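Structure record follows, encoded as structure tokens.
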Amino acid sequence: MVIPLAHRGKSLLMQRNSRSSRILAGAFALPLIGALLASCSSAGSTGSSTQDAKPVTGGTMVYASGDAEPSCLDPHVGGNYPQALVASQFLESLFTKDSEGKIIPWLAEKTEVSEDGLTRTITLHDGIKFTDGTKLTAEAIKKNIEHLKDPNTASSTGYLAVGKVVRVEVKDELTATLKLSSPDNALLESLSMPWTAIESPKALERDQATNCTSPVGTGPFKVASWEHQKAVNLVRNDDYVLPVPNDQRANSTSYLDGITWRFIPEAATRYAALQSGEVDVIDNAQPDTIASAADAGLGHLDAPRPGSANRIELNSSKAPFNDQKVREAFIRAVDANTGVGALFFGTAKRSYSLLSSVEPLGYSDEALFGTDTAKANTLLDEAGWSERDAQGYRTKNGKRLSVRFPVSTNQSVPAEQSLFEQFQAQAKAVGFEVKIDLLDLSSWYGALAKHEYNLVSAPYTKVGPSVLRVLYHSDSTVPAPSGYFANNAQVKNDKLDKLLVQAEETEDEAQRASLYEQAQKIVLEGYYVLPLYDQQNHFLYGKNVHGVGATTAVSSPIYFDTFLDQ
Amino acid sequence: MSRTAKICCLLVIGLWLLMALAPSVLAPGDPLAINPTQAFAKPGLAHFFGTDESGRDIYTRVIHGAGDSLAIGLAATALGMGLAIVLGTIAALSPRWLDEIILRILEALYAIPSLLMALLIIAFTGPGVGPAIVAVGLSTAPGYARLVRSQIRSLKNSEMLEAATVLGRGTWRKSRNHLIPNALKPLLALVTLGIGQAVIWAAALSFLGLGTPPPAPEWGAMLSAGRTYLHLAWWMSLFPGLAIVAVAVSATLIGRALGGKVKSL
Amino acid sequence: MSEQTLITVKDLSVSFDGTPAVKNISFTVQAGKVLALVGESGSGKSVTARSLLGLSGGTVTASTLDICGHDARSLSDRAWQKIRGNTLSLILQDALMALDPLRPVGREINDGLKEHTALKSAERKQRVLEVLKSVRMPEPDVRAKQRSTELSGGMRQRALIAQALVGNPQVVIADEATTALDSQLTALVLSQLRALKQQGRGILMISHDLAQVAHLADDIAVMRHGEIVESGPTQQILEHPQHDYTRKLLRAVPSSVPRFTALSDLGAEETTSPARKIQDSEQHSPALSVKDLSKSFGKHLAVSSVSFELPRGKTLGIVGESGSGKTTTARMVLGLEKPDSGTVELLGERFSPSTASQRQNLREQMGAIYQNPLGSFDPRYTVGQLLTDALSRGKSKRASEYRKPITQLLEQVELSADLLARNPRELSGGQRQRLAIARALAPKPSVLVLDEPVSALDVSIQATVLDLLDRIQLETGTSYLFISHDLSVIEHMSDTVAVMHQGKLIEHGDTASIFGSPQREYTQKLLSAMPRLR
Amino acid sequence: MNTLAWVGRKVGGALVVLWLVASAIFIAIRLIPGDPAEAIMGGPGSQASAQALAAARAEYALDQPVITQYLLYLGKLATFDFGTSYSLKQPVTQVMGEVLPNTLWLSLMALAAAWLLALCFSALAMRAGRIGSQVGNLLEIIAAAVPHFWLGAVLIMLFSSALGWLPAVDNGTGHGLVLPILTLALPLAGFLTQLMRDSLSEAMGSQFALAARARGESRLKLFWRHGLRHAALPALSLTGWAFSSLLSGAVVVEAIFARPGLGRSLLSAVLARDIPMVTGIALFSALVYIVVMAISEGIERMINPAGESR
């Protein structure tokens, strides 16, 4: 299963690494670039007989996304995964990630950090141009980071990623220095994400509405037009320069003439369109269709996202989950394994970790999460929820053991919603009343901002273990002006805070790993979180599609190597 | 109405009522009981209509869903009809200028397609069963109101009422004995037709994720859940769909038997 | 004119699903002659006419069915289509219904030409105008572009005749072509038919009214229950009727039949005793007194300064064409329409203008009968409930409480008590009108306003209803305000007659003098157009 | 009523209706809890600064007195300025201009298809026997009762996935329109057939039909010359309703078949609380409804000048 992908990925990425190894002071062992990340994941890519096909130039690939159409194609604005998926085709980042999860330079040629960790110097490759003809220079780094930090940009993900960068200084045409407020060993990981991708400084000067419809980058494709609700039309960037040359590629431009990037929100329609050949690639593939896709001869790419695993967070700031016993009782009461198996048809592996399986520093502890109804009942009795009302729910002082669970229809796929319904039924057996509210995204954010939740599932995609600080540091319980906060479990633990800060600032890799492990143990053992599985990111593609597999640091596929049967 | 038609109508109404009020008679199981190991079972003897993704029995859910679906349909129709009777009667009996104003208001209500109206209301209130009922009720009201108005108007000038005047009946007795019952009669037929349509609309909202939240066995919501698995488990969407169609069809048939015409919708 | 036989029918039978509608009838239609088929509704007249066109829809058998040389027993669909409209054509009863309301009449006429000629479009248009001219349609080029609903009654009738004539047929079948038309229109249609006869065409005329066919028909065949009971030359049928049924039809024609002479009961020849229950009119005020009534709708003056008196126990007949203001007058008298000026007094007391509450106690003194009684019944009520409602003043619907008075009412109008549980929809036209009369009589009114009470009925049914009204007046002394466009009915029923024309009451006097020596030209014209037997 | 007066009356009535719709929406917006400025900045999920919120308030005149806002709002509407979409950051009229033709085209095609289907079925039913007509009757009722969202899914399953005859989504050849059109047209055709059959059989059994047959017209010509008009009339008078139900159906169908259009825009605008977009779509669809009504009434007047204008 893994072989075709590895094979396919090698061409581009082996090459990339041989160069970058020099730059990243011995930080990597294996020469596979981020694009190959997927190859080491459990499922990997299956299907079409890629190894036999000879690359052909030409043809327009039709891509069907199940996500909502972004309102802005510039991933600096807001910053969500659907934006990353499409932007990965026309924007590139300073850094990327290899198959081991190591960060390597991409648009950057090399980088170094000062001893105090407060000055990061980045040198760019020479000879790279944006698709509007502007040359990629250090000025671009400065403009892009300023763009991210400008409140009018309304950047969310990218803004947080460059939070410690105070200012950018241009040293020479290709060299910039980033001044940091405190050491940040996650900065390169942050700069490897599409949300901090580098856009043409000239294009950024246009008004936001225009930049949203046609962001200008250095990627293998460029935005030709955007027909709202219909498609984003991408065409080949004929002047594309691979930042890291690859001698196995005859030409350094993409095989495809272009990509028609469509939005088909109905899962069944999307799959039907793939089956009938109307589209070539679909994302957000439903578990049941993934299972049947192999029989239909369709290709499958499983590219779990980095950052957090999908998990349910228990709001520890209010009753009843302010009591660790009640939290453990809930976690012991539900049986995730059976549900995940049935609902995901073996396409998702159960996780017992806070972090995605692609994060090397993830720590896993299965023993904490075994289903044990008897223990759950005992724990609840101990916590004082010993009475039962007419409907069989537990009560304490006349108050029912009732928890609210707002579920976003945007964040949770149907299979996950079904899993939550199963939890609801299982939790009822030990006396929990779980009230599931299916909400659209803005109502869901509203419910979170008003703390109207006891349980919530809010996956967070970010490269590297520093996502832990975003999600579990007590600072993240302080809401932004809009009410948003990332620490949904409301974990407030001084020891944890210290571990997370320290882990981010240390230069020593081993120490970093150990600090993060301690931090993860605190969260897991405190039963703040019920891990479920990796953030699912499945793609299916037709028999005529070859060369699928390369991805960015956040596992969004790049179709630079992809070609179609003619 | 012929005798057989009457009996058939009563039987059908009885069946729906039984499903709505005492579903356990027909399906003793728990519509919410999950059994993940039995997920996606095909229809068969163990599960007449198969099971869904969590192993819930679809037959049980369809039967138990009748209550929710019909209640929404009834509530929405009652709301629409109540509003229609008030507006229609006022318009029919009031002077021309007021009649014109009410007519314009009705036209304004009518000018926004039903589902758009529902979405509008939901845009302002957020999703849920309540807004869905209000939305469906509001968007069906103008149609009914126009009928009430024209019904009362034509009755007001009918020979029947003139004959009653000539026989010396006062306004009150004329209204009570002739005007109101005769105006209401076609509405009764319309109400049954309307319930069928309201069930469909409410299901459409659930389908769009804006109506009844799962895991309640509302048919639209079941359909919505089932469509995800259309390729794998057709039965998940077939049976709730059939239930909606069956309600709408039997409502139409009963409405017709009562003398209703589709036209007036 | 040569005696050319155009249609020969021998032993024609038509049945529907095994039920015979026409049984073994035989007749011929000759060129330049008019054959009238007469009988009450359901006697099989129309079915006969339609089977001549191959449009009866039933099973047709005959030993001879010859239509202008075609054996109509074995014609293909296509051959039939060639004959229809071309060899023989049909004029139906109601021009409003017989012309497609959605198409200009010119195109309706044009269709016939399209079917039967190879004329070019322009030639056809020319021919349409010619035909319209030949039926004396005013402004034929304008009218051809209008739809039947936009035409006046007279023009509509002309258009209807034109569409039947455009194919220049040898035989014209006129199926109840004059029924329910007022006398002017009837005269118009009859004169058109006479013209056709003079052109040498054969005409088959179908009617329930002997008086209407009497002047035009050369021969009459009387039909009853699907059989021809008697046939022969018109003179012979009218003067020496052989069959009881023919005599019954003849007797039913009300024109020139004196008041209180029975029109219906065959055999009982005696005149009802003139022991009329009439109060001394000197002692009492008139039952109804109308002074200077006027009413206009917008610019249209519907009724202008109408005055009359209705003495107690007598009948005042108001006659006029449609649109002459009769009905508006009746509505003002009934207090359903507020007069612009003038007054209505009932039994010496002011009835209108007045408020509803002021006239409430007088209301029961005046009843009304309409042309279409069904429309005046609450559709939810049975016969029994209707009468109970009337007797209980709207307070009850339970017939059991009023069993006795209901029985009396039913007896009075000669209706069977079996009908009590029925809905009026299930009753025949005559029965409905009797029910309407019974309901109107329930409060024992002094005055009945009868607006075209018999114009929707066959002559024979009309006769029984008129007789009933006569008898009720004799027994109860109720005064009648009798409104009709039918002069013969007015002549038979009225003590005094008022003639209305364009909203004015132009002549007013006792029946004998109005019908004997009309003073106004309009009245004379009306009377000359009146079909009479005697 | 002459044509000019009729047109004048229609336009006047239309303006009143649009004003009512606009005012109702304005009032409704004021009644929503929460800060519209926050919705402008992308809802609670965004991280808008207080500064940005104030700027948004000023931009959308939310800091003015209500009556000023109302007049500004009406004034803008009068000049076809529906404002800028909160979520798309584009002028609403521009978005509408892009998506409206799709929805109109789809609805019109579906309307035409429904008419055609209904006419064919009505004509067939005329020839059918007792049992055939009963079966037809039931089929119509069932067709009319099938929800769009279900029908669409079933059609995709059948024709796209299983048989592979028709594409599930638009592929630029026009074949992609077939399934969405069918999904919209079938239920409507069920309704229309019920109506047309009644009036058709009434017309074909009428006196003027007999007269026409007696003139020598064949059954076919009778149907063509007379039956069709009479069958069309009640269906035509229902066009406004039918169109409005098609627009409703389009919301669902556009979602299922991934077609750009008014319905899909509305759905996403509703989810994003994008008030200018929602307002614009509501007014646009009201306008479309009014125009369609006027056109269908105009045609009705042409076919049947004697009929009442309303």
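The analysis underlying the following values was restricted to heavy atoms, covering all of them including side chains, and did not include hydrogens, waters or symmetry mates. Chain letters run A, B, ... following the sequence lines, proteins first and then strands; every chain starts at 1. Keep in mind that this is a model prediction, so the values were computed, not measured.
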Counting only heavy atoms closer than 4.5 Å, note whether B:Ala225 contacts chain A via side chain, backbone, both or neither.
neither
Out of B:Trp235, B:Phe239, B:Phe49, which one pairs with B:Tyr59 under the ring-ring contact (aromatic ring centres under 6.0 Å, His included) rule?
B:Phe49
With distance as the sole test, does A:Arg404 use its side chain to make a donor-acceptor pair with the main-chain N or O of A:Lys435 at under 3.5 Å?
no
Using atom types as modelled and distance alone, determine if a side-chain donor or acceptor of B:Arg56 lies under 3.5 Å from a backbone N or O of B:Asn35.
no
Under 4.5 Å heavy-atom distance to chain B, tell me which part of [X] shows up: side chain, backbone, both or neither.
{"X": "A:Ala291", "value": "neither"}
{"X": "A:Phe345", "value": "side chain"}
{"X": "A:Gln424", "value": "side chain"}
{"X": "A:Ser292", "value": "neither"}
{"X": "A:Gln286", "value": "side chain"}

Counting heavy-atom pairs under 4.5 Å to chain B, which of A:Thr269, A:Asp437, A:Leu438, A:Asp288 comes out on top?
A:Asp288
Taking every heavy-atom pair that is under 4.5 Å apart, which of A:Lys428, A:Glu421, A:Gln417, A:Gln426 has the most such pairs with chain B?
A:Glu421
Aromatic ring centroids of A:Tyr453 and A:Phe405 under 6.0 Å?
no
Does CD in A:Glu366 sit with more than 12 non-hydrogen atoms of other residues, nucleotides or ligands closer than 6.0 Å?
no
With side chains defined as the heavy atoms from C-beta onward, is the minimum distance between A:His538 and A:Asn284 less than 4.5 Å?
no
